[in-house]
Amino acid sequence: MNTYTYEKSQSLFKRAAKVIPCGIYGHLSPAPLVPPTDYPFYAAKASGSKFWDVDGNEFIDYMCAYGPMVLGYNNPIVEEAAEKQRKLGNCITSPSPVMVDLAEYLVNLISIADWAFFAKNGGDATSFALMIARAATGRAKAILIKGGYHGVSPWAQGPGHHGVTDEDVKNNIYVKWNDISQIEEAISDNPKQIAAFMATPYHHPAFTDSEMPGDGYWQKVEQICKKEGIVLIVDDVRCGFRLDMRGSNEYFGFKPDLICYCKAIGNGYPISALVGKDYLRNYAAKVFYTGSYWFSAVPMAAALTTLKELERINGPDIMIKLGKKLTDGMTEIAKTYGYNLKVTGVPSMPSIYITDDESLMLHQDFCAACTKRGAFFTSHHNWFISTAHTDEDIQRTWDIVEDAFKAIKKK
Amino acid sequence: MNRDLIKANLNLHALLQNFEELTYFDTQTASLTKDWNETIYFSIMGGIQAYIEFKEMKCTFGISKPKRSSISLFFLSPGHCNAMFDGKSIPIPLKGITRIGFLMTDFPNLTKRLEYYLKPTDELLKNEEYLALNTRFSINTAMHAIKILALMDPVSKHSASRMKDGVIMLKVLPDGPAAQLIISHGEFKVLKGEIEKPTAVILFKDLKIANDMINGKIDAFSAAASGDVLIKGQLPLIDALNLILDRVPLYIS
């Protein structure tokens, strides 16, 4: 099987590094891709489940832009809706009617939602949720899960990170995932001071396995929050609409007070949302929170169409089945080459690691070998499946996986 | 944690250990110390201690009280010790008063030599031999400083608490120098040289890249992406190490 080279990506990066900090910053930085020189840095175009880099290499994309792509790149239905709205207007002095349509749709779709608020990024939604919880409770502290991710606001980055002060994080209390006793201890140590408990529906940290909630975990958390007057916030930014259209909380059988959405909501158009229960509506109204592009109508039209389409085709079910098929096949192929591939998390966003080497170096070699053959795999983050992935994509991926295992076995 | 206390630990435990390799690699230092038979013991009221022993053309560094010392230098406080390292104070000699000539003349010549290698200029770094030694000392100093900050600096302690057990190896390609930071049950240990199976590696393409990186002249992300620095393995360990490393200049330059 031919392997790719990336001369144009490398050349562009050299230019970028001179004028952009890090060259490519944030979660798209090539730094955690090991080795970065085995990966494409710049995309030229994308369609369906694939993208093509600036060197003309084709990739089946298992990162889906780190989540936003859910119905396929350039999905014609979504693009048509966006184009229709674009012709009418996008960023205008007054909001467009599609904002009301989208809010009504979300309120009907999401089981706990009595209202919806729109912004741009997941971090906008998580920060707003925290502010609402503080406004509603008159308390300052928040219980968060150790290793959880809620965006890049200073409060969300944690102590020790550049530009983050002790004051930024002094109200955070970190507890271990699935550990009720630590939550109870945090509450007992900080009586009437905890405004919120925030967590993702299941724990999906980078560089390690995902962890599902233990039996009764969320139900117990919900019960504790109710008893203690703590606002229960679910950060559904990554999982949202890949587990259950009604909210990932429904997949696990509990009812939070606030849910944060982004990523899959707009199939790549920049929009995020916070939905909440009625009792928090007035507090959401009182917290002043806005942004220059938060009323842009095109992403709202794209989001409305994305959600309708996902609901029509039962998107989460399709992605879960595709992810299961893909990873079951990969696990079998790995076995034939003497490797153990561990798959965790919900199959629509699987975390996959080779367990034969704790240092992850073998796993990094494997992911790089697959990427160089056309299946874009990261070695540090959960992957994403879209409804645009096909059985042909999966078969092609299995062929790539087989060839990659042969290559690393030889190495 | 007292800032002076952390700085004193860095001065005594991260800087002084460089004498071992300075004596070995720098011909001028080797010549200066070849006939020395001295053990200098440093202690600060409250407990921090270190010694450097010069014997049979070799320097040995330790962080305890030596079995015997020819000179014993005492500091009333961590601040007193730091002031000496900044050239603004002198220690109290508890032993070796007869060795005053050595302390006033010979030893300062040695410390000046270390200072020469630890305070580079762009001009000096153009010299290959200087670059090699400055890089070696910078890596060793950085690794020892990380060990100290991981245990003492409140912000670094947060980063260190996220570090799983393992070994991070830094190596300048192709032939070194190399160093290891070993993390085990909350304890940190620094070793020189390579290890066959590290948990995470940072490989610098050459001495210049290593030097620029350790001294904060290039950004780690761009260097990694461009292939100048290869990072591999448990990257969260390297991420935490970098966060701690970036705090070193808050205490010592």
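In what follows, chains are A, B, ... by sequence order, proteins preceding strands, each numbered from 1. As the structure is a prediction and not an experimental result, all values here were calculated from the model. Just so it is clear, the values below take in all heavy atoms, side chains as well, and ignore hydrogens, waters and symmetry mates.
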- line: Greatest number of non-hydrogen atom pairs under 4.5 angstrom with chain B, of A:K14, A:M361, A:H380, A:H363, falls to A:M361
Greatest number of heavy atom pairs closer than 4.5 Å to chain B - which of A:Q10, A:E358, A:H162: A:H162
message: Please rank B:L243, B:V155, B:D246 by heavy-atom pairs under 4.5 Å with chain A and give me the top one.
response: B:L243
- line: Of B:S156, B:P236, B:A240, B:G227, the largest count of non-hydrogen pairs under 4.5 angstrom with chain A goes to B:P236
query: Between the side chains of A:E211 and A:N178, does any donor sit under 3.5 Å from an acceptor?
result: no
- prompt: Would you say the side-chain atoms of B:Y117 and B:N18 include a donor-acceptor pair closer than 3.5 Å?
  reply: no
query: Using a heavy-atom distance cut-off of less than 4.5 Å, which residues of residues 16-27 of chain A contact chain B?
result: A:A17, A:C22, A:G23
- prompt: Would B:D86 and B:K7 satisfy salt bridge (charged side-chain N to carboxylate O under 4.0 Å, His left out), going step by step from the backbone distance to the final call?
  reply: CA-CA 11 Å; B:D86 292 338; B:K7 190 173 173 180; 3.4 Å; yes
A:F376 ring center within less than 6.0 Å of A:F51 ring center: yes
task: Take B:K208 and B:D212, measure what salt bridge (charged side-chain N to carboxylate O under 4.0 Å, His left out) needs, and give me the verdict at the end.
output: CA-CA 6 Å; B:K208 175 81 171 64; B:D212 285 350; 2.7 Å; yes
query: In terms of heavy-atom pairs under 4.5 Å with chain B, which of A:V164, A:V34, A:D357 leads?
result: A:V34
message: Does either side chain, that of A:S351 or that of A:D209, offer a donor lying less than 3.5 Å from an acceptor on the other one?
response: no
- prompt: Which heavy-atom pair separates B:S222 from A:F13 by the least distance, and what is that distance?
  reply: O-CE2, 3.8 Å
message: What I'd like to find out is whether the side chain of A:N172 reaches to under 4.5 Å of the side chain of A:K141, using heavy atoms alone.
response: no
- prompt: Looking at B:K197, B:K232, B:R162, B:R247, which makes the most heavy-atom pairs under 4.5 Å with chain A?
  reply: B:K232
- prompt: Where on A:H161 is there a heavy atom nearer than 4.5 Å to chain B: the side chain, the backbone, both, or neither?
  reply: both
- prompt: Can the ring centroids of B:Y130 and B:Y116 be said to lie less than 6.0 angstrom from one another?
  reply: yes
query: Does any heavy atom of chain B fall under 4.5 Å from the side chain of A:Y39, the backbone, both, or neither of them?
result: neither
Check ion pair A:K8-A:D55 (N to O, under 4.0 angstrom): no
Engaged part of A:D166 at the chain B interface, taking heavy atoms whose separation is under 4.5 Å: side chain
message: If only side-chain N and O atoms count, and only distance matters, is there a donor-acceptor pair under 3.5 Å linking A:H204 with A:N382?
response: no
- line: If one checks every heavy atom of B:L230 against chain A at 4.5 Å, the contacting part turns out to be side chain
